[in-house]
Amino acid sequence: MSAPVVQIANLSRVFDVSKPWLERVIAREGRLKLNAVDGVSFEIRKGETFALVGESGSGKSTVAKMVVGLLGPSGGHVQFNGLQPGEKPRPGAIQMIFQDPYASLNPRWRVRDIIAEPMEAIGLRRDAALRAKRVDELLTLVGLSPRDGDKYPHQFSGGQRQRIAIARALSSEPSFIVCDEPTSALDVSVQAQILNLMRELQERLGLTYLFISHNLAVVRHMAHRIGVMYLGRLVEIQDSDALFDNPQHPYTRLLIDAVPNLSEIGRDRVPVQGEVPSPINPPSGCTFHPRCPLVMDICKRERPAFIDGVACHALSRKG
Ligand SMILES: Nc1ncnc2c1ncn2[C@@H]1O[C@H](COP(=O)(O)OP(=O)(O)O)[C@@H](O)[C@H]1O
Ligand SMILES: [Mg+2]
């Protein structure tokens, strides 16, 4: 088993969602805290794709932002191989790919300059001719043509723009890429092409991915291991095959049962029955207990420990 590229330990993030001070005073209300991420731990090994899956609002993007350092944790830490907890790797070593490539590509810049920018930012290939050659290589690598470098982002389709965003991410020669819903905005037919490109690139370049999606079929297609999130907590971590063949946590089972055909990537799952409670006032104990078919008394009182890849009182009792 290869060494972990990154270890995430007991990571938490609280947001202050209070009303403005004067309104609070008039209404005699206190501050409101939202636990977006609550004690999440996992590690990602070199060359693997670790996926986070869960319904909207479960805290996936907040974890992603803390892993890349866009957001500071309220508790816990992110530790990269060979560094101290919280210490940042060299600039450009970690990159992020977002759902909406248009937002991350400067519309006034030619594609060639967009792709060259991360290289310039970290002083890689200081010679302009070398940089230009590398941009051509990157365009080819992601299935575009060197001539596309002279165009602007709006001249491309959504899928092509995501290819440009990938080329840009690769430009600083990262070893680890965090992908947050990278194909969720794309048409069904295009999604699979981009996912396959990302898999090819992983193999060719030995990349490690943290891959985030609400779509189980997409996650199954991409991930070696999967963590399932519910209301800011991880409820289960398994190898991808094991998770789909033999889901343990009642929430994981609910999610998987809600998908009619897991081989159809483009198809979103049917929403799961029952509402997700608010993270501002989450249920006590195991936060899944109000929706859980296996609920017991202890579930309402105590937060379940994470044992053998799953956090569930009912399952740990059985063993
Ligand atoms: N900057 C913020 N301020 C306040 N609340 C936030 C902020 N960012 C995210 N949240 C809240 O944190 C929770 C988790 O959000 P997010 O990480 O975006 O979930 P996901 O990516 O799984 O949909 C949600 O309830 C969301 O409303
Ligand atoms: Mg998100």
Side-chain angles (χ1 to χ4, degrees), residues 8 10-21 23-24 29-42 44 49-76 78 95-104 162 165 169 177-186 191 194-195 198 209-219 222-223 226-237 243 249 251-252 254-256 258-259 268-272 274-283 287-288 290-291 311:
I8 282 94
N10 216 6
L11 200 63
S12 300
R13 174 70 206 206
V14 179
F15 289 112
D16 187 335
V17 290
S18 314
K19 288 182 192 152
W21 173 77
E23 273 185 54
R24 278 207 318 274
E29 282 174 9
R31 288 194 170 276
L32 274 186
K33 300 254 194 266
L34 182 153
N35 292 301
V37 175
D38 184 4
V40 164
S41 303
F42 60 91
I44 310 180
T49 299
F50 183 90
L52 286 178
V53 71
E55 289 164 282
S56 171
S58 55
K60 307 182 297 295
S61 294
T62 305
V63 170
K65 285 177 198 155
M66 289 193 281
V67 170
V68 299
L70 284 175
L71 199 65
S74 311
V78 177
Q95 283 286 356
M96 190 156 175
I97 299 171
F98 298 91
Q99 172 168 354
D100 179 8
Y102 213 38
S104 57
Q162 200 54 294
I177 304 183
V178 176
C179 321
D180 190 358
E181 307 268 6
T183 62
S184 300
L186 301 176
Q191 282 199 42
I194 300 296
L195 294 173
M198 292 179 65
Y209 291 142
L210 171 57
F211 189 94
I212 288 172
S213 178
H214 68 282
N215 186 317
L216 279 166
V218 166
V219 159
M222 292 301 288
I226 299 172
V228 181
M229 286 190 73
Y230 185 75
L231 271 176
R233 298 181 186 175
L234 270 173
V235 297
E236 180 164 0
I237 299 179
L243 190 93
H249 196 282
Y251 177 62
T252 313
L254 202 80
L255 274 183
I256 289 177
V259 186
D268 265 9
R269 58 178 179 71
V270 184
V272 175
E275 262 183 60
V276 182
S278 158
I280 295 177
N281 197 359
T287 53
F288 186 62
R291 295 170 78 187

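All values reported here derive from a predicted model rather than from experimental measurement. All ligand and atom numbering here is 1-based and tracks the order in the structure.
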### Query
Can you tell me how far CD1 of I212 sits from CG of D180, rounded to the nearest 0.5 angstrom?
4.5 Å
#### Entry: Atoms in ligand 1 with a heavy atom of S61 nearer than 4.0 Å
17 (O), 18 (O), 20 (P), 21 (O)
### Query
Does any N, O or S atom of S61, backbone or side chain, fall under 2.8 Å from the Mg ion (ligand 2)?
yes
### Message
With heavy-atom distances below 4.0 Å as the criterion, list the atoms of ligand 1 near P279.
### Response
25 (O)
### Task
Evaluate the side-chain hydrogen bond (donor to acceptor under 3.5 Å, both in side chains) criterion for residues D16 and S18: first the C-alpha distance (whole Å), next the side-chain angles of each, then the deciding distance (0.1 Å), finally the verdict.
CA-CA 6 Å; D16 187 335; S18 314; 2.4 Å; yes
### K60 (side chain) donor-acceptor with G54 (main chain) under 3.5 angstrom
yes
### Centroid separation H249 to Y230 less than 6.0 Å
no
### Message
Run V219 and L243 through side chain to side chain contact (heavy atoms under 4.5 Å, CB included) and show every step you take.
### Response
CA-CA 11 Å; V219 159; L243 190 93; over 6 Å; no
## Note on the structure
Numbered in order shown, the ligand 1 atoms found under 4.0 Å of a heavy atom of T62 are 15 (O), 16 (P), 17 (O)
### Message
Pairs of nitrogen or oxygen atoms closer than 3.5 Å, one from G59 and one from ligand 1: do any exist?
### Response
yes
### Query
Is a donor on one side and an acceptor on the other found under 3.5 Å between the side chain of Y209 and the backbone of M198?
yes
### Message
Within the 4.0 Å heavy-atom shell around V17, which atoms of ligand 1 are there?
### Response
4 (C)
### Task
Take every heavy atom of S56, measure it against each atom of ligand 1, and state whether any distance is under 4.0 Å.
yes
### Message
Measuring from atom 22 (O) of ligand 1, which candidate in K33, K60, Q99, R13 has the nearest non-hydrogen atom?
### Response
K60
